[in-house]
2 protein chains.
Amino acid sequence: MAAYDHPAPETFELTVVLRALADPARLDIVRHLERVGEANCATLIGTRPKSSMSHHFQVLRESGILRTRIEGVQHRNSLRREELDERFPGLLAAILSAP
Amino acid sequence: MAAYDHPAPETFELTVVLRALADPARLDIVRHLERVGEANCATLIGTRPKSSMSHHFQVLRESGILRTRIEGVQHRNSLRREELDERFPGLLAAILSAP
DNA sequence: TGCTTTGTTCGGGTGTTATCGAACAACAGG
DNA sequence: CCTGTTGTTCGATAACACCCGAACAAAGCA
């Protein structure tokens, strides 16, 4: 399995990031990652099937919100906090602290 | 023309607000309102038809991002900055300062 | 009463996104 | 190898959102 491509912070698009976050399932993923730091897909699957989760991770990854590191058979995801804050200062913090 | 209903800040939903902002046309409206304070629909129409604009204003209004005040035949729109900041501290500022 | 201005509402067409099962691929361990 | 685990990819369906013209509504004014 080849490593994923991750966009550079200068190419993050605000509307793309907002659209990625404007989904309850993906917001759950982001909030969970904030708590645990790093997680693979399986641990985040609630009632949703794997294929749906894989799609949501792809959207989050391609928008720049998270990075995926491959370790063996698992894909470990974590937030790109510094890079997001570099491009959109305060945005992630505001969203993570929102009710 | 009866006045519009505007949601109370406690009922603002993060995903709804993010979805409302995750559209280039609506982001333009929000940025414009930040500059001029208050504006009616017509002054914001660029190349888009009235019906499209009316739709975008409705989305922004129902999500809580702006309020619409009727004055004669004009509908004056302005950002609900304090109320948004009360519910989602820092969110609007982060978005307005983003590239 | 007409006429103009300003927006809304309606209807349909179009494109995008979410969802999910099933099949596939990559890796690790026995 | 063979098997189990972990995710991705594919294909189909359904839901949603955007877009725009046309008709409508409300208010101001001659």
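If you're wondering where the values come from, they're calculated on a predicted model, not measured in any experiment. Residue numbers start from 1 in every chain, and the chains themselves are labelled A, B, ... in the order their sequence lines are given, proteins ahead of strands.
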[N] [atom2] sits how many Å from [X] [atom1], rounded?
X       : N      : atom1 : atom2 : value
A:Gln74 : D:dT5  : CD    : P     : 12 Å
B:His75 : C:dT5  : NE2   : C1'   : 11 Å
A:Leu27 : C:dA18 : CG    : C1'   : 16 Å
A:Arg69 : D:dT6  : CZ    : P     : 16 Å
B:Asn77 : C:dT8  : CG    : C1'   : 13 Å
B:Gln58 : C:dG7  : CD    : C1'   : 12 Å
A:Ile70 : C:dC27 : CD1   : P     : 8 Å
B:Leu21 : D:dA17 : CG    : P     : 15 Å

Out of [options], which has the shortest distance to the side chain of [X]?
X       : options               : answer
A:Tyr4  : D:dT5, C:dT6, D:dG7   : D:dG7
B:Asp23 : D:dC18, C:dA18, D:dG7 : D:dC18
A:Arg26 : D:dC18, C:dG7, C:dA18 : C:dA18
A:Lys50 : D:dT8, C:dT8, D:dA27  : D:dT8
B:His55 : D:dA26, D:dC18, D:dT6 : D:dC18
A:Pro49 : D:dT5, D:dT8, C:dC20  : C:dC20
B:Ala42 : C:dG7, C:dC27, C:dC20 : C:dG7

> Got a donor-acceptor pair under 3.5 Å from the side chain of A:Ser54 to the base of D:dG7?
Replying inline: no

Would you say a side-chain N or O of [X] is under 4.0 Å from OP1 or OP2 of [N]?
X       : N      : value
B:His56 : D:dA17 : no
B:Arg48 : D:dC19 : yes
A:Asn40 : D:dT6  : no

>> Does B:Arg67 qualify as a cation-pi partner of B:Tyr4, given the criterion of NZ or CZ under 6.0 Å from the six-membered ring centre and within 45 degrees of its axis?
In response: no

>> Measuring from atom SG of B:Cys41 to atom CZ of B:Arg48, what distance do you get when rounded to the nearest 0.5 angstrom?
In response: 14.0 Å

> Are any of the side-chain heavy atoms of A:Thr15 and B:Asp23 separated by less than 4.5 Å?
Replying inline: no

> Would you say B:Asp85 and B:Arg81 make side-chain contact, with heavy atoms under 4.5 Å?
Replying inline: no

>> Mind checking if A:Arg76 touches a base, just sugar-phosphate, or nothing, with heavy atoms under 4.0 Å?
In response: nothing

> If you pin A:Thr47 and B:Phe57 to their nearest nucleotides in DNA chain C, which one's is more 5'?
Replying inline: B:Phe57

>> Nearest heavy atom decides the nucleotide; on that basis, is A:Glu71 or A:Ser52 closer to the 5' end of DNA chain C?
In response: A:Ser52

>> What verdict does the side-chain contact (heavy atoms from CB on, under 4.5 Å) test give for B:Leu27 and B:Arg31, after you've listed the backbone C-alpha separation in whole Å, the side-chain angles of each residue and the deciding distance to 0.1 Å?
In response: CA-CA 6 Å; B:Leu27 211 44; B:Arg31 288 198 215 268; 3.8 Å; yes

> On DNA chain D, nearest-nucleotide positions of B:Ala25 versus A:Ser51: which is more 5'?
Replying inline: A:Ser51

> For A:Arg19 and A:Met53, take the nucleotide of DNA chain D holding the closest heavy atom to each; which residue's nucleotide lies nearer the 5' end?
Replying inline: A:Met53

>> If you apply the rule salt bridge (Lys or Arg N to Asp or Glu O under 4.0 Å), what do you find for A:Arg69 with A:Glu71, and how did you get there?
In response: CA-CA 6 Å; A:Arg69 182 172 65 86; A:Glu71 193 164 305; 2.5 Å; yes

